[in-house]
Amino acid sequence: MAGRRAEQHPHGADRLCEAGDRVYERAVRRGRVPRVEAEAVPCLLELALLHPDPDDMDWLVPTSPQEVMTRLLRGVYDEVSESQRRVGSAVAAFEWYAGLGQSQALAAPGGGSAVRVLDGLSRIQAAMDEATQACTTEVLTVQPGGIRREAELTEGLHRALALRGRGVRMRDLYTHVARHGQGLLNYLELMGDTVEARTLDEVIDRLILFDRTVAFIPANADRTMALELRHPALVEYLVTVFERLWRLAIPLTAPLPDTGIEGISHREQSIAALLAEGHQDAVIAERLGISVRTCRAHIARLSETLGAASRTQLGVRIAQAGLDGSGRGLPAARDASL
């Protein structure tokens, strides 16, 4: 019976079935629903959106929408963090193999070099131009950092326009901070519906994929070296990472979701989670694509909103409010005393 139910309702709390939508909405509106009304939607109990009323087991009461939103955002954050950790390990492995390639080349199945080290900006640009000219279908990019500088956007504009002229579709991932850059908005307006852009709290390091056959990633911190990857297994891995991040990202044309916690912005929620992991201000700023000064201003607002007089107390307040990703938030956390 349990197996059949799972097949009938193969979804999570982020995408309820129509029947589940109706019953949960009714439960929220009325405060509870008879258990018999939920028999056709076992997903609501399985996903902990409904639970028995302790005063009358024949009735079910809903989990608050605010708690559900917090749970969903925590799941998104955990999945993005895991993807970033995996990509970081993969990039480190690519660099190691590239180093070995000086004595023994890593060959692609169809011949040629599967991992090619591009040393110097001129070689990187030449390789990118070559891949652009050969591209016929799709380009996928991840652009880390914050607001894109005009120089960065201008640098690749000739390639983007050439791709648009051939009808190549482009999908770009940015951090949420990039939404505030007028240069990016002008670029997207120029490109029209050829480019689709989405944003996340954090993204992986820079990645450019052409036709799912060749990928480019940085090979050092200042991006004066790059790796050109053509091995199908490596490229497919990076495509999978991109698609998972894309699914989690928010369209640039849509507003960022509310955190469900009064006085806490989406960015401050992200900063709180990273503080709870023990990261320093500079690391948090780099991961979110903002300046250290801006990061500290957000931390100061967090402290004020949560009523914390010190960083130690702020850590406690973050945990009490459920901003550390534990989901054990207390609605009145800011009024509690240590």
Side-chain angles (χ1 to χ4, degrees), residues 12-14 48 63-89 92 144-147 174-180 199-205 221 244-245 248-250 255-338:
D14 57 332
T63 300
S64 72
Q66 291 78 13
E67 184 177 340
V68 176
M69 285 190 293
T70 299
R71 189 193 308 165
L72 289 174
L73 288 171
R74 183 170 70 252
V76 168
Y77 178 81
D78 290 344
E79 189 166 344
V80 170
S81 297
E82 177 58 27
S83 293
Q84 290 171 329
R85 283 192 290 270
R86 293 181 62 192
V87 171
S89 298
I147 294 175
Y174 302 92
T175 62
H176 291 323
V177 178
R179 290 169 171 259
H180 305 293
T199 64
L200 284 164
D201 283 320
E202 302 177 62
V203 295
I204 57 175
D205 209 343
R244 289 185 179 180
L245 293 175
L248 296 169
I250 300 170
L256 296 180
D258 188 84
T259 62
I261 303 175
E262 184 179 356
I264 303 295
S265 70
H266 193 279
R267 188 182 300 177
E268 286 161 0
Q269 184 179 44
S270 302
I271 290 173
L274 291 171
L275 281 172
E277 290 181 6
H279 297 294
Q280 298 298 316
D281 297 357
V283 174
I284 295 172
E286 181 180 3
R287 288 179 61 167
L288 297 183
I290 59 179
S291 68
V292 176
R293 181 178 179 180
T294 299
C295 179
R296 287 173 177 162
H298 282 293
I299 292 173
R301 282 196 288 272
L302 264 174
S303 297
E304 182 180 355
T305 302
L306 298 177
S310 66
R311 282 295 180 97
T312 301
Q313 193 177 43
L314 178 60
V316 175
R317 294 286 197 244
I318 286 172
Q320 289 175 331
L323 294 171
D324 61 346
S326 66
R328 296 189 297 270
L330 301 177
R334 73 189 67 179
D335 299 322
S337 58
L338 289 178

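FYI, the numbering just counts along the sequence from 1.
Considering only heavy atoms from C-beta on, Thr175 stays 4.5 Å or farther from Thr199 through its side chain. Using a 4.5 Å heavy-atom threshold, the side chains of Glu268 and Ile299 count as separate.
Separation of atoms SG (Cys295) and CD (Gln280) is listed at 10.5 Å; rounding is to 0.5 Å. Remark: His298 NE2 to Ile284 CD1 distance equals 11.5 Å, nearest 0.5 Å. A distance of 10.0 Å separates CD in Gln269 from CG in Leu302, rounded to the nearest 0.5 Å. Distance check: Glu202 CD to Leu245 CG gives 10.5 Å after rounding to the nearest 0.5 Å.
With sequence neighbours left out, Glu286 forms a side chain to side chain donor-acceptor pair (under 3.5 Å) with no residue at all. With sequence neighbours excluded, no residue satisfies side chain to side chain donor-acceptor pair (under 3.5 Å) with Arg244. Residues forming a ring pair (Phe, Tyr, Trp, His ring centres under 6.0 Å) with His176 (at least two apart in sequence, or on another chain): His266. In this structure, the salt bridge (Lys or Arg N to Asp or Glu O under 4.0 Å) partners of Arg311, at least two apart in sequence or on a different chain, are Asp281. By the side chain to side chain donor-acceptor pair (under 3.5 Å) test, Thr294 is found to be paired with Ser291, residues two or more places apart in sequence or in another chain being considered. The side-chain contact (heavy atoms from CB on, under 4.5 Å) test applied to Ala249 returns Leu173, Arg198, Leu200, not counting sequence neighbours.
Listed here is the closest heavy atom pair of Val292 and Ala282: CG2-CA, 3.9 Å. Heavy atoms only, all atoms of each residue included: Ala276 and Ile318 are closest at CB-CG2, 4.3 Å.
Looking only at distances, no side-chain donor or acceptor of Arg317 sits under 3.5 Å from a matching main-chain atom of Ala308. With Gln313 contributing its side chain and Ala309 its backbone, the two residues share a donor-acceptor pair below 3.5 Å.
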